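The structure under discussion appears below in the form of structure tokens.
None of these values were measured; they are calculated from a predicted model. Chain letters run A, B, ... following the sequence lines, proteins first and then strands; every chain starts at 1. What's counted below: heavy atoms across the whole structure, side chains too, no hydrogens, waters or symmetry copies.
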Protein chains: 2
Amino acid sequence: MVDDQLSLTFTALADPTRRAILARLADGDATVNELAEPFDMSLQAISKHLKVLERAGLITRGRDAQWRPCRLETAPLDDATDWIEQYRNIARDRLDRLDQEIQKIQRTRKGNDHE
Amino acid sequence: MVDDQLSLTFTALADPTRRAILARLADGDATVNELAEPFDMSLQAISKHLKVLERAGLITRGRDAQWRPCRLETAPLDDATDWIEQYRNIARDRLDRLDQEIQKIQRTRKGNDHE
DNA sequence: CGCATACTCAACCTAGTAGTTAATCAACTA
DNA sequence: TAGTTGATTAACTACTAGGTTGAGTATGCG
């Protein structure tokens with residue numbers, strides 16, 4: 001598996017179950033059982049998903065007696081948006097410049113239209 | 001494979017090779033050979049990566065004689081950031097409220113500290 | 001036409017993922 | 001101490017991802 005931070009983050013986000021878990025955690029910390037409850041899936045499967053999220057740094061887990069409360073961590077999300085924004089902006093700027101070029105050409109052509 | 005739009009997008013972004021390809025395309029359109037050039041990997045492997053990116057809607061491909069120029073499409077990136085932002089904001093707001101609660105409690109305690 | 005270039009498709013291999021059930025660990029509770 | 005609850009670990013299955021090589025397709029050019 002590819003294990004650089006950004007790849008771990010996007011891999012973790014690539015599964016709908018894991019995204020739903022994060023969505024739930026955005027509302028507040030929760031235990032494994034609470035997180036598993038909405039899904040038609042074994043507790044062990046959820047436990048595995050949590051491991052993926054933990055490895056990506058998207059959640060941290062405490063210990064409260066026999067419970068393992070999960071907490072959402074947003075730092076990796078920040079890095080993910082930063083990466084996306086960077087290239088989205090470059091692409092947008094490039095299109096803007098292209099647009100300006102086209103307009104410049106159109107203006108020049110108009111200027112020559114007087115004969 | 002999970003094939004909803006968001007999963008396709010994040011899956012596509014989860015590979016460093018594919019992110020590098022997108023980074024390259026942010027600077028302008030390119031052919032398959034041009035995209036493959038920096039990588040120590042067969043052209044066929046790159047072709048597969050491009051298929052993944054295309055399926056996610058992150059690139060579109062034209063035809064110019066025997067070349068298949070690739071173009072970056074940013075719409076799926078917008079959706080991806082929207083998703084991330086949504087939950088990042090919910091989490092931040094929750095922490096802000098929590099912070100206010102703590103401050104309120106601290107103020108109350110201070111008020112009772114006069115005996 | 002014959003051949004080079006640009007690329008895709010098909011078959012295969014290896015490793016990893018997502019799920020299962022069964023067993024185990026850890027902590028509270030009667 | 002025995003039993004219960006919460007959660008992890010282990011072993012297994014089925015499938016997918018990412019890479020390879022080799023053959024095939026499409027276009028341009030002499």
Take atom CZ of A:R19 and atom P of C:dA18, then tell me their distance rounded to the nearest Å. 12 Å
Are any of A:H49's side-chain N or O atoms less than 4.0 Å away from OP1 or OP2 of C:dG19? yes
By nearest atom, which of the nucleotides D:dA7, C:dA6, D:dA11 is closest to the B:N33 side chain? C:dA6
Rounded to whole Å, CE of B:M41 lies from P of D:dA17 at a distance of 16 Å
Taking 4.0 Å as the cut-off, does a side-chain nitrogen or oxygen of B:R18 come that near to OP1 or OP2 on D:dG18? yes
Given the options B:L22, B:L13, B:T74, B:D78, A:I84 meets side-chain contact (heavy atoms from CB on, under 4.5 Å) only with B:L13
Where the side chain of A:K48 is concerned, which of C:dC7, D:dG19, C:dT20 is the nearest nucleotide? C:dT20
Atom of A:I46, atom of A:I21 and distance for their closest heavy-atom approach: CG2-CD1, 4.3 Å
Indicate whether OP1 or OP2 belonging to D:dT8 is found under 4.0 Å from a side-chain N or O atom of A:S47. yes
Side-chain donor/acceptor of A:D4 to backbone N/O of A:S7, under 3.5 Å: yes
Starting at CG of B:L43 and ending at C1' of D:dG19, how long is that distance when rounded to a whole Å? 14 Å
With a non-hydrogen cut-off below 4.0 angstrom, is A:T31 in contact with a base, only sugar-phosphate, or nothing? sugar-phosphate
Write down the distance between CZ (B:R61) and P (D:dA26), rounded to a whole number of angstrom. 16 Å
Hey, what are the protein-to-nucleotides 21-25 of chain C N/O distances that come in under 3.5 Å?
from, atom 1, to, atom 2, distance (Å)
C:dA22, N6, A:Q44, NE2, 2.6

So B:L58 and B:R18, side-chain contact (heavy atoms from CB on, under 4.5 Å) or not? Walk me through it. CA-CA 10 Å; B:L58 283 163; B:R18 286 194 291 264; over 6 Å; no
For A:R55 and A:T11: C-alpha separation, side-chain torsions, deciding distance, then whether side-chain contact (heavy atoms from CB on, under 4.5 Å) applies. CA-CA 11 Å; A:R55 198 156 112 84; A:T11 299; over 6 Å; no
Any salt bridge between B:K51 and B:E54, counting N to O under 4.0 Å? no
Any side-chain heavy atom of A:R68 within less than 4.5 Å of one from A:R63? yes
Enumerate all atom pairs, one protein N or O and one N or O from nucleotides 28-30 of chain D, separated by less than 3.5 Å.
none

If every non-hydrogen atom of A:L25 is compared with every non-hydrogen atom of A:A30, which pair is closest and at what distance? CD2-N, 3.8 Å
B:M1 side chain near B:V52 side chain, heavy-atom distance below 4.5 Å: no
Distance, rounded to the nearest Å, where A:D15 contributes CG and D:dT16 contributes P: 14 Å
Between B:D3 (CG) and D:dA17 (C1'), how many Å, whole number? 15 Å
Taking only side-chain nitrogens and oxygens of A:R63, does any of them come within less than 4.0 Å of OP1 or OP2 of C:dA26? no
Please work out whether the ring planes of B:F10 and B:W83 are parallel, tilted or perpendicular, with thresholds of 30° and 60°. perpendicular
Taking side chain as C-beta onward, heavy atoms only, is B:L53 less than 4.5 Å from B:L50? yes
Taking for A:M1 and for A:D40 the nucleotide of DNA chain C with the nearest heavy atom, the one nearer the 5' end belongs to A:M1
Separation of B:E34 atom CD from C:dA6 atom P, in whole Å? 10 Å
Among the clusters formed by ILVMFWY side chains lying less than 4.5 Å apart, do A:L77 and A:Y87 turn up in the same one? yes
Which of residues 50-57 of chain A sit near DNA chain C, with a heavy atom under 4.0 Å from it? none
